Amino acid sequence: MRLKSFHARTMAEAMRDVRAALGDDAIIVATREEEGGGVRVTAAVEDDALAAVHARMTQPVEPDEPEIDVEEVVADALHRHGVPAALAEQLIDAAAGLDTDDPRLALGAALDSVYTFNPLPDGRRMDRPLMLVGPPGAGKTLLAAKLAARAMFKNRSVGVITTDTVRAGGVAQLSAFTRLMNIKLVTVEDPDALAGAFAVNNGTDLVIVDTAGRNPFDDGDMDELKALLSAGEAEPVLVLPAGIDALEATDMAQSFRSVGVRRMIVTRVDMARRYGSLLCIAHRARLSFCDISVSAKVAEGLTALNPVALARLMIPAEEKAPRETAPPARAKKKSVSSPSSRTIP
Ligand SMILES: Nc1nc2c(ncn2[C@@H]2O[C@H](COP(=O)(O)OP(=O)(O)OP(=O)(O)O)[C@@H](O)[C@H]2O)c(=O)[nH]1
Ligand SMILES: [Mg+2]
């Protein structure tokens with residue numbers, strides 16, 4: 001048993017102090033009016049009860065974890081990146097059905113359910129030559145050099161062919177890179193010569209074909225590209241920069257799809273902050289994501305894209321919580337029990 005005295009201005013205050021220090025089990029043993037004013041209360045408590053009060057008082061305070069509304073963070077990110085509303089809705093549905101409190105994982109899984117990711121074999125032999133096609137200035141020539149450099153670093157044999165003989169400096173730009181890497185650059189002007197170059201490179205681990213920039217809305221340009229593709233087994237891969245208008249880029253991608261493109265490499269990802277156009281292009285033109293380029297340097301910044309990597313680009317680590325400026329997310333759903341099964345039509 002412990003005894004303790006408390007002095008306070010009023011009886012109510014003294015009783016409050018008693019309870020705070022000794023707990024509800026304290027017994028009031030004596031009360032007395034003090035001469036100088038106020039009251040003195042003497043209270044007693046069993047040792048066990050005191051220990052319990054002490055334990056409660058010294059218990060560390062658990063900080064309240066801020067609750068993350070995954071659906072809201074994903075909706076906010078999609079809005080910021082300018083993803084068209086119907087597509088955003090589809091992705092939010094897919095993200096909302098997942099049992100995770102990490103918005104990037106939720107978005108990654110949603111992207112995985114809607115898109116296909118088909119990266120280039122890094123360091124492995126490719127069955128078909130790779131023909132880099134796209135609008136002018138998309139980054140095809142730099143990409144050809146990057147792919148060659150990456151394969152060289154992995155001790156793979158590389159063949160580089162350019163068909164960009166029309167534009168002044170088209171060949172010179174690529175030969176500046178290939179010379180540094182000690183790779184012979186083959187220049188061809190027509191589909192027959194291209195077929196011959198493929199035959200010469202038969203057995204090479206990676207054969208890359210750089211092409212001139214084509215206007216996807218010009219029939220003549222696209223016919224030339226089709227003719228080049230008739231030369232052999234090359235796979236045309238679309239090269240498009242990030243950060244261009246979603247609808248324009250989608251029209252371009254659809255035009256390139258009509259000549260056989262099925263996947264796209266996105267360049268200049270380091271120079272863009274909004275990736276909604278990429279989601280729009282891949283969805284509407286039914287293209288797989290492939291690799292991305294995040295640097296203007298030849299020897300670095302070419303990397304395979306996967307759903308979580310894309311989600312991380314769209315929701316950087318420091319933005320996992322919804323921001324003050326979040327737009328009104330669409331009406332919140334009461335409960336979602338299963339992931340969306342929708343895929344690209
Ligand atoms: N920062 C950055 N710059 C890039 C990237 N990819 C390409 N570039 C730059 O974009 C510009 C155009 O690149 P090119 O490789 O010449 O483009 P292209 O598609 O071959 O152009 P054309 O042959 O004229 O059709 C160059 O200044 C490149 O350095 C990238 O991933 N990041
Ligand atoms: Mg070029």
Side-chain angles (χ1 to χ4, degrees), residues 82-84 86-87 90 111 114-120 126-144 147 161-167 170 188-195 197-198 207-269 275-293 305 310 342-345:
V83 178
L87 178 55
Q90 183 176 347
L111 292 169
V114 173
Y115 296 98
T116 49
F117 292 78
N118 192 0
L120 297 173
M126 274 202 71
D127 297 334
R128 301 167 67 190
L130 214 59
M131 188 183 286
L132 305 177
V133 304
K140 300 177 291 299
T141 302
L142 181 66
L143 188 64
L147 288 165
I161 302 167
T162 180
T163 61
D164 187 7
T165 53
V166 182
R167 189 174 60 86
V188 301
E189 299 214 348
D190 55 53
D192 287 345
L194 184 57
F198 286 155
V207 179
I208 306 155
V209 185
D210 188 19
T211 65
R214 310 276 169 183
N215 176 353
F217 310 122
D218 182 296
D219 290 345
D221 264 20
M222 295 312 276
D223 285 346
E224 279 175 25
L225 193 54
K226 270 190 232 160
L228 272 183
L229 282 162
S230 70
E233 288 299 296
E235 178 195 347
V237 178
L238 178 60
V239 182
L240 268 186
I244 50 179
D245 177 78
L247 298 180
E248 283 298 350
T250 300
D251 285 353
M252 287 187 197
Q254 272 162 340
S255 170
F256 282 105
R257 185 185 160 82
S258 71
V259 298
V261 161
R262 292 294 177 270
R263 50 181 170 169
M264 74 170 167
I265 297 176
V266 183
T267 59
R268 298 212 284 267
V269 171
Y275 306 116
S277 61
L278 307 183
L279 300 195
C280 186
I281 298 163
H283 186 250
R284 299 223 177 129
R286 288 171 291 141
L287 297 181
S288 298
F289 284 111
C290 194
D291 292 33
I292 56 170
S293 169
L305 196 59
L310 181 52
R342 274 180 269 173
T343 51
I344 302 171

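Predicted model only: the values in this text are computed from it and were never measured.
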> Would you name the heavy atoms of V188 and A197 that are closest together and state the gap between them?
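For V188 and A197, the tightest heavy-atom pair comes out as CG1-CB, 4.1 Å.
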> With sequence neighbours excluded, tell me which residues meet side-chain hydrogen bond (donor to acceptor under 3.5 Å, both in side chains) with T250.
none
> Which residues satisfy the ring pair (Phe, Tyr, Trp, His ring centres under 6.0 Å) test with F256, sequence neighbours excluded?
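Partners of F256 by the ring pair (Phe, Tyr, Trp, His ring centres under 6.0 Å) criterion come out as none, since no residue qualifies.
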> Does a side-chain heavy-atom distance below 4.5 Å link L87 with R284?
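Answer no - side chains too far apart.
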> Sequence neighbours left out, what passes side-chain hydrogen bond (donor to acceptor under 3.5 Å, both in side chains) with T211? Give chain and number order.
none
> Drop me the distance from L194's CG to L228's CG, to the nearest 0.5 angstrom.
6.0 Å
> Closest approach of P216 and M252, non-hydrogen atoms and distance?
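Residues P216 and M252, closest heavy atoms: CG-CG, 3.5 Å.
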> Which atoms form the tightest heavy-atom contact between T116 and S288, and what is the distance?
OG1-OG, 2.7 Å
> Using only atom types and a distance under 3.5 Å, with no angle test, would you say the side chain of E189 pairs donor to acceptor with the backbone of T165?
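Checked: no pair found.
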> P84 and C280: which non-hydrogen atoms are nearest, and at how many Å?
CG-SG, 3.9 Å
> A side-chain contact here means heavy atoms from C-beta on lying under 4.5 Å apart; do F289 and L111 qualify?
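No, their side chains stay 4.5 Å or more apart.
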> What is the distance from atom CG of L130 to atom SG of C290, rounded to the nearest 0.5 Å?
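The CG atom of L130 sits 7.5 Å away from the SG atom of C290.
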> Please check if the side chain of Y115 supplies one atom and the backbone of L279 the other of a donor-acceptor pair under 3.5 Å.
yes
> Identify the heavy atoms of G276 and V83 that sit nearest to each other, and give their distance.
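Distance-wise, the nearest heavy atoms are CA-CG2, 3.8 Å.
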> Give a yes or no answer on whether the side chain of K140 reaches the backbone of P135 with a donor-acceptor pair at less than 3.5 Å.
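Side chain of K140 to backbone of P135: a pair is present.
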> Tell me the side-chain hydrogen bond (donor to acceptor under 3.5 Å, both in side chains) pairs involving residues 221-245, sequence neighbours left out?
R214-E224, E235-R263
> Go through the structure and list residues passing side-chain contact (heavy atoms from CB on, under 4.5 Å) with A195, not counting sequence neighbours.
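With sequence neighbours excluded, A195 shows a side-chain contact (heavy atoms from CB on, under 4.5 Å) to A231, given in chain and number order.
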> Once ring pair (Phe, Tyr, Trp, His ring centres under 6.0 Å) is applied, do any residues pair with F198, and if so which ones, sequence neighbours excluded?
none
> With S293, which residues qualify under side-chain hydrogen bond (donor to acceptor under 3.5 Å, both in side chains), at least two apart?
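In terms of side-chain hydrogen bond (donor to acceptor under 3.5 Å, both in side chains), with neighbours along the sequence ignored, S293 is linked to K146.
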> S258: which residues meet the side-chain contact (heavy atoms from CB on, under 4.5 Å) condition with it, sequence neighbours left out?
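Applying side-chain contact (heavy atoms from CB on, under 4.5 Å) to S258 gives none.
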> Just so I know, are the side chains of L132 and L147 near enough to count as touching, which here means a heavy-atom distance under 4.5 Å?
yes
> Test side-chain contact (heavy atoms from CB on, under 4.5 Å) on T267 and L142; report intermediate values, then the result.
CA-CA 10 Å; T267 59; L142 181 66; over 6 Å; no
> Is a donor on one side and an acceptor on the other found under 3.5 Å between the side chain of R257 and the backbone of R262?
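Flag not set: sc R257 to bb R262 has no pair under 3.5 Å.
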> Looking at L120, I292, L305, which one forms a side chain to side chain contact (heavy atoms under 4.5 Å, CB included) with I265?
L120
> Listed by chain and number, what are the side-chain contact (heavy atoms from CB on, under 4.5 Å) partners of P119, not counting sequence neighbours?
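Result, side-chain contact (heavy atoms from CB on, under 4.5 Å) vs P119: D291, A304.
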> On a heavy-atom basis, which atom in V269 and which in Y275 lie closest, and how many Å separate them?
O-OH, 3.2 Å
> With sequence neighbours excluded, tell me which residues meet salt bridge (charged side-chain N to carboxylate O under 4.0 Å, His left out) with D210.
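Residues passing salt bridge (charged side-chain N to carboxylate O under 4.0 Å, His left out) with D210: none at all.
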